[in-house]
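Just so we're on the same page: letters track the sequence lines, and every chain starts at 1.
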Amino acid sequence: MVSTKKYHHVWDLTTREAKDLQANHRSLVILTPPKGPIRRIAACDVSFSRHAEDLYAGVAVFSYPDLRLLDKATAKVKITFPYVPGYLSFRETPAVLEAFKHIKIQSDCIILDGQGLAHPRFFGLACHVGLWMNCPTIGCAKSRLIGEFVDPDMTKGSSSPLKIGFRTVGAVLRTRSGVKPLFVSPGHLMDISTAKKIILSLCVKYRIPEPIRYVHDLVNAARRREES
DNA sequence: GCGACAG
DNA sequence: ATCTTGTCGC
């Protein structure tokens with residue numbers, strides 16, 4: 001049995017190292033528009049049970065902009081990092097990368113459930129995965145982690161800048177009229193304007209982009225299938 | 001010390 | 001995120 005004191009010791013050490021990694025990698029993130037056309041888009045999501053020790057990740061690849069499903073995969077990994085605001089990528093990235101090992105086709109852009117640049121050290125989940133995969137990424141979060149903004153107009157397509165001080169790090173985007181906006185920020189090899197356009201174009205009928213909705217169902221189905 | 005806080 | 005039923009509104 002591990003003591004509470006020992007547990008906290010390990011836990012603190014890990015978050016400190018994680019913080020250093022974020023600070024050391026933020027300068028490697030490229031915030032320019034992706035090169036070449038976007039013809040395939042991958043979406044990722046992670047799921048887990050209340051007390052389980054496993055994390056499930058899913059990846060689904062769609063043609064773009066017609067959104068035909070081209071490939072999909074799920075993976076299960078042991079949880080190695082707790083959920084701590086600001087350190088989500090250390091918890092989810094291993095699972096996401098594992099799922100990507102089973103994906104056989106290349107994508108031009110990857111959508112992640114979480115922040116990209118809109119992060120305390122400008123290195124959210126989308127930046128982390130983007131650098132690792134060397135692929136354009138977009139952070140698409142359902143709620144705010146950091147940043148100031150004015151509520152965008154209630155009509156679909158409206159947006160307002162998400163700022164950390166005077167720096168704009170993303171956009172608060174209304175993907176459907178009259179519903180809560182999404183928090184969109186570039187991960188890697190991506191800019192805010194392109195990220196906004198892509199996310200909006202993926203929101204056909206609901207607040208959440210179709211590829212994210214699909215992979216969310218996919219990974220939950222995989223988890224429940226194994227749990228039962 | 002208090003409040004905030006992606007999934 | 002997950003645990004959970006019904007219910008208010010377009």
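- Pairs of Watson-Crick or G-U wobble type, with distances under 3.5 Å, never assemble into runs of 3 or more in DNA chain B.
- When hydrophobic residues (I, L, V, M, F, W, Y) are linked wherever their side-chain heavy atoms come within less than 4.5 Å, A:Val179 remains an isolated member.
- You can see that DNA chain B meets the heavy atoms of chain A within a 4.0 Å-exclusive cut from B:dA4 to B:dG7, reading 5' to 3'.
- Across all strands shown, A:Phe90 has no heavy atoms under 4.0 Å from either base or sugar-phosphate atoms.
- For the pair A:Lys76/A:Leu55, no side-chain contact is recorded, criterion being any heavy-atom separation below 4.5 Å from C-beta on.
- Using a 4.5 Å heavy-atom cutoff, the side chains of A:Pro34 and A:Cys109 are not in contact.
- When base pairs are accepted only as Watson-Crick or G-U wobble with both N-N or N-O distances under 3.5 Å, DNA chain C takes part in no stem of 3 or more pairs.
- Under the 3.5 Å distance criterion, with hydrogens and angles disregarded, no donor-acceptor pair is assigned to the side chains of A:Lys156 and A:Thr175.
- Within 4.0 Å (heavy atoms only), A:Ile146 reaches no atom of the nucleic acid at all.
- When DNA chain C is scanned 5' to 3' for any atom under 4.0 Å from a heavy atom of chain A, the first and last hits are C:dA1 to C:dC3.
- In this view, A:Tyr56 satisfies the ring-ring contact (aromatic ring centres under 6.0 Å, His included) rule with no residue, not counting sequence neighbours.
- Applying a 4.0 Å cut-off to non-hydrogen atoms, none of the residues of residues 162-183 of chain A approaches DNA chain B.
- Through direct or indirect side-chain contacts shorter than 4.5 Å among Ile, Leu, Val, Met, Phe, Trp and Tyr, A:Leu200 is connected to A:Ile38, A:Ile41, A:Phe62, A:Tyr64, A:Leu67, A:Leu69, A:Ile111, A:Ile138, A:Leu173, A:Leu182, A:Val184, A:Met190, A:Ile198, A:Ile199, A:Leu202, A:Val204, A:Ile208, A:Ile212, A:Tyr214, A:Val215, A:Leu218.
- Note on residues 134-159 of chain A: pairs passing ring pair (Phe, Tyr, Trp, His ring centres under 6.0 Å), not counting sequence neighbours, are A:Phe149-A:Phe183.
- The closest side-chain heavy-atom distance from A:Arg174 to A:Thr155 is not below 4.5 Å.
- Among the protein residues, A:Gly139 comes within range of no part of the nucleic acid, since none of its heavy atoms lies under 4.0 Å from any strand.
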Donor-acceptor pairs under 3.5 angstrom involving side-chain atoms of residues 115-132 of chain A: please list them, not counting sequence neighbours.
residue  : atom : partner  : partner atom : Å
A:Gln115 : NE2  : A:Ser143 : O            : 2.9
A:His119 : ND1  : A:Arg121 : N            : 2.9
A:His119 : ND1  : A:Phe123 : N            : 3.3
A:His119 : NE2  : A:Gln22  : NE2          : 3.4
A:His119 : NE2  : A:Gly86  : O            : 2.8
A:Arg121 : NE   : A:Gln22  : OE1          : 2.7
A:Arg121 : NH2  : A:Gln22  : OE1          : 2.9
A:Arg121 : NH2  : A:Tyr87  : OH           : 3.2
A:His128 : ND1  : A:Ser89  : OG           : 2.7

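- Residues from residues 184-221 of chain A with heavy atoms under 4.0 angstrom of DNA chain C, sorted by number: A:His216, A:Asn220.
- Contact annotation: the side chain of A:Lys163 never approaches that of A:Val169 to less than 4.5 Å [non-hydrogen atoms, C-beta and beyond].
- For A:Thr194, the side-chain hydrogen bond (donor to acceptor under 3.5 Å, both in side chains) criterion is met by A:Asp191, not counting sequence neighbours.
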